[in-house]
2 protein chains.
Amino acid sequence: MFTKIDMTSDTPIYQQLMENIIRGIAKQELTPGTQLPSVRTLADELEVNMHTVAKAYTLLKDKGFLSVHRNKGAVVNPQSKFAADSVYLDDLRKQLLVYATEAACRGVKAGEWISVCNDAYEELSRSSDFM
Amino acid sequence: MFTKIDMTSDTPIYQQLMENIIRGIAKQELTPGTQLPSVRTLADELEVNMHTVAKAYTLLKDKGFLSVHRNKGAVVNPQSKFAADSVYLDDLRKQLLVYATEAACRGVKAGEWISVCNDAYEELSRSSDFM
DNA sequence: TATATGTTATATATGTTATATTACATGCCA
DNA sequence: TGGCATGTAATATAACATATATAACATATA
């Protein structure tokens, strides 16, 4: 169900897991109402600790992507729960500024920057039915 | 000379320092040949440890931004030393994909994504003589 | 030679990440 | 009701990252 975890990566396991689930939602492989495996089940499947999965679920709940219920597990929220707002967009812009700065510093002009950003966005839809 | 370090930030000091120096180069406040303060001097100025500054300098050296000489300190490289290559651009696109995925997931359409990316790039030039 | 510099090494402290184990609270269902 | 699966919480341990402190070493330059 989920892409594998790269145990050799610098990126923490719980973050990789978050990214995988967000990608699943973006690709509409995980639709609102979809029930995710329990923390114990997914932990067994991925061969990681229960708390590592629980941490990812909790953070995704805080971000609005999931609702977590005792005895029912984690469920994907309707998009209205995590639709982009101005706070998110401001934060996103601030993150991107760090990358834009280094890119400009390395001689990447505005057009090429936009081209790379465009490629990144379009890479989502490749090999999936998203959008 | 350098913007202050936010000691309460989640971002490690050495990373903030790297971002500050890269921003300085991007804004052409730090031009090729510019000599940076010695690790001990800058550490005193910022009230951080010598090794924290040394780590930032070493990583910036590895990225091609600085040359570090015994007895002469750190010097800003000519842009040819850190001009964007395909390896860098591939890595950048991979990083941006993570942000693009979450944005799309939150309902940000291609046009709005590009708009935010554009804003981030343009924010560089504001309040500076860059470009 | 004396000095300033980057570099290396060691030790300590704190926070993060991850695992392991145990226990508790809750809702479901046979 | 009683059992079960679930999320949650607490504690302990280990490894690693971050940051500081101190000291010593190597080297280029005045």
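Naming convention: chains lettered A, B, ... in sequence-line order (proteins, then strands); numbering from 1 in each chain. Bear in mind that the values here come from a model prediction, so they are computed numbers and not experimental data.
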- Note on the structure: SG of A:C105 to CD1 of B:I22, rounded to nearest 0.5 Å, is 6.0 Å
- Query: Under 3.5 Å, side chain of A:T31 to main-chain N/O of A:Q28, donor-acceptor pair present?
  - Reply: no
Could you list the donor-acceptor pairs under 3.5 angstrom formed by side chains in residues 49-56 of chain A, with sequence neighbours left out?
residue : atom : partner : partner atom : Å
A:N49   : OD1  : A:H51   : N            : 2.8

- Annotated structure of DNA chain D as dot-bracket, pair cut-off 3.5 Å, Watson-Crick or G-U only, | for inter-strand, is ||||||||||||||||||||||||||||||
- Query: How long is the line joining CG of B:L17 and C1' of D:dA19, in whole Å?
  - Reply: 13 Å
- Considering all heavy atoms, the nearest B:Q35-B:K72 contact: NE2-O, 2.6 Å
- Item | Side-chain heavy-atom pair A:L96, A:K94 within 4.5 angstrom cut-off | no
- 5'-most by nearest nucleotide on DNA chain C - A:T52 or A:R40: A:T52
- Message: Using every non-hydrogen atom in the two residues, find where A:P37 and A:Y57 come nearest and quote the distance to one decimal.
- Response: O-OH, 2.6 Å
- Message: In whole Å, I'd like the distance from the CG atom of B:N49 to the P atom of D:dA17.
- Response: 18 Å
- Query: Under 4.0 Å between a Lys/Arg side-chain N and an Asp/Glu carboxylate O for A:E29 and A:R23?
  - Reply: no
- Message: I want to check something: taking the side chain as every heavy atom from C-beta on, are B:L60 and B:L17 in contact at a cut-off of under 4.5 Å?
- Response: no
- Sequence-aligned protein contact record of nucleotides 10-16 of chain D, with B where the base is within under 4.0 Å of a protein heavy atom and S where only the sugar-phosphate is: B------
- Message: Side chains of B:L89 and A:E112, heavy atoms from C-beta outward: is any pair under 4.5 Å?
- Response: yes
Might you list the N or O atoms of the protein lying below 3.5 Å from N or O atoms in nucleotides 27-30 of chain D, with each pair's distance?
residue : atom : partner : partner atom : Å
D:dA28  : N3   : B:N71   : ND2          : 2.1
D:dT29  : O4'  : B:N71   : ND2          : 3.4

- Message: Among residues 9-16 of chain A, which ones have heavy-atom contacts with DNA chain C below 4.0 Å?
- Response: A:P12, A:I13, A:Y14
- State yes or no: do A:M18 and A:I5 share one hydrophobic cluster built from I, L, V, M, F, W and Y residues joined by side-chain heavy-atom distances below 4.5 Å, directly or via other members? yes
- Decide if the gap between the ring center of A:Y88 and the ring center of A:F82 is smaller than 6.0 angstrom. no
- Item | Where A:A100 and B:L124 come nearest, the two heavy atoms and their spacing | O-CD1, 3.7 Å
- Query: Taking only residues two or more places apart in sequence, or in another chain, which ones meet A:E19 in a salt bridge (charged side-chain N to carboxylate O under 4.0 Å, His left out)?
  - Reply: none
- DNA chain D nearest-nucleotide lookup for A:A74 and B:K55: closer to the 5′ end is A:A74
- Task: Round to the nearest Å and state the distance from B:H69 atom NE2 to C:dT3 atom P.
- Result: 24 Å
